[in-house]
Novice: 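One structure is given below, represented as structure tokens, and several questions about it will come after.
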Amino acid sequence: MTQQEARVGVGRHPTPPEYTPRLRLKPKAPQSGYVDGAWWPWSDDLANELPDLLAVLSVRLGRIERVMYNLGEWATAPAKATFAKHVVRLDGYRRQPINTLEVRGVNREKIVLLVVPPSTKPDQAHTTMMAAAAPNDDSSVEGLLTAGV
């Protein structure tokens, strides 16, 4: 068992994340806009960043089945990872919209996150994340990223 697997826990609900993800989500409601919130990872190491993020998102999505990401934005990631004793597919695509991450549950529900680059200044990241999580925001990914500048 890896450290990441051990952190995730064994019961129905995963253990709390080791590091609280820098995450803002829109309220649970009918979808509005392109993204459902924003995530500001600590690094470009997707395999290391995901366990804490998925622990939080699994509360809304249930069991996580798949994560889709843009290949050019992350360090090399494995094709699969174990989370809460289940295999999660990590699918990197060159055509995945830039600065986004799509997380799907086994029930086919999904959350699309704006990914704020790890090197973003804190005040800029905060502004961007708050805009992305605003209930009726329908800005594009590019619009959200430039809003914090």
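This is a predicted model, so every value here is computed, not measured.
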Novice: Can you tell me how far the CD atom of Glu142 sits from the CG atom of Leu114, to the nearest 0.5 Å?
Specialist: 11.5 Å
Novice: For Val67, which of Asp91, Leu54, Leu53, Leu57 qualifies under side-chain contact (heavy atoms from CB on, under 4.5 Å)?
Specialist: Leu54
Novice: Indicate the atoms forming the closest heavy-atom contact of Leu71 with Gly92, along with that distance.
Specialist: CG-C, 3.5 Å
Novice: Say you draw a straight line from CG of Leu23 to CG of Leu25; how long is it, rounded to the nearest 0.5 Å?
Specialist: 4.0 Å
Novice: Kindly indicate whether the side chain of Tyr34, heavy atoms from C-beta on, has any atom under 4.5 Å from the side chain of Val112.
Specialist: yes
Novice: Is the backbone N or O of Asn136 less than 3.5 Å from a side-chain atom of Lys26, with the two atoms forming a donor-acceptor pair by type?
Specialist: no
Novice: Between atom NZ of Lys28 and atom CD of Glu109, what is the distance when rounded to the nearest 0.5 Å?
Specialist: 6.0 Å
Novice: Does some side-chain heavy atom of Asp137 sit less than 4.5 Å from a side-chain heavy atom of Leu144?
Specialist: yes
Novice: Supply the atom-to-atom distance Thr120 OG1 to Leu145 CG, rounded to the nearest 0.5 angstrom.
Specialist: 7.5 Å
Novice: For Arg24, look at atom CZ and say whether over 12 heavy atoms of other residues, nucleotides or ligands are found less than 6.0 Å away.
Specialist: no
Novice: Would a distance-only check, ignoring hydrogens and angles, find a side-chain to backbone donor-acceptor pair under 3.5 Å from Thr82 to Lys85?
Specialist: no
Novice: Should the pair Trp74 and Trp39 be assigned to parallel (<30°), tilted (30 to 60°) or perpendicular (>60°) ring geometry?
Specialist: parallel
Novice: Please tell me whether Leu61 and Met68 are part of a single hydrophobic cluster in this structure, the criterion being side-chain heavy atoms less than 4.5 Å apart.
Specialist: no
Novice: Just do the side-chain contact (heavy atoms from CB on, under 4.5 Å) check on Leu90 and Tyr69 with the steps written out, would you?
Specialist: CA-CA 8 Å; Leu90 305 181; Tyr69 63 95; 4.2 Å; yes
Novice: Pick one: which of Ile64, Asp36, Val88, Leu50 meets side-chain contact (heavy atoms from CB on, under 4.5 Å) with Val103?
Specialist: Ile64
Novice: Taking Arg63 first and then Glu65, would you say they form a salt bridge - that is, a charged N and a carboxylate O separated by under 4.0 Å?
Specialist: no
Novice: Taking NZ, NE, NH1 and NH2 as the nitrogens, is one of them in Asp123 or Lys121 under 4.0 Å from a carboxylate oxygen of the other?
Specialist: no
Novice: Let me confirm one number: the CD-CD1 distance from Glu73 to Ile98, rounded to the nearest 0.5 Å.
Specialist: 5.5 Å
Novice: For the backbone of Gln96 and the side chain of Asn70, can you confirm whether one donor and one acceptor N or O come within less than 3.5 Å of each other?
Specialist: yes
Novice: Could you please spell out the steps behind the side-chain contact (heavy atoms from CB on, under 4.5 Å) verdict for Ile111 and Val35?
Specialist: CA-CA 8 Å; Ile111 292 177; Val35 297; over 6 Å; no
Novice: Tell me, do Trp40 and Pro117 make a side-chain contact under 4.5 Å, heavy atoms counted?
Specialist: no
Novice: Check whether the side chains of Asp45 and Ser43 place a donor and an acceptor atom closer than 3.5 Å, and report yes or no.
Specialist: no
Novice: What's the spacing between Asp44 CG and Glu49 CD if we round to 0.5 Å?
Specialist: 8.5 Å
Novice: Start with the C-alpha gap between Val115 and Thr100, add the side-chain angles, then the distance that decides, and say whether side-chain contact (heavy atoms from CB on, under 4.5 Å) holds.
Specialist: CA-CA 5 Å; Val115 177; Thr100 64; 5.6 Å; no
Novice: Begin with the C-alpha distance, continue with both residues' side-chain angles, and end with the deciding distance and a verdict on side-chain contact (heavy atoms from CB on, under 4.5 Å) for Phe83 and Ser58.
Specialist: CA-CA 10 Å; Phe83 173 75; Ser58 67; 4.1 Å; yes
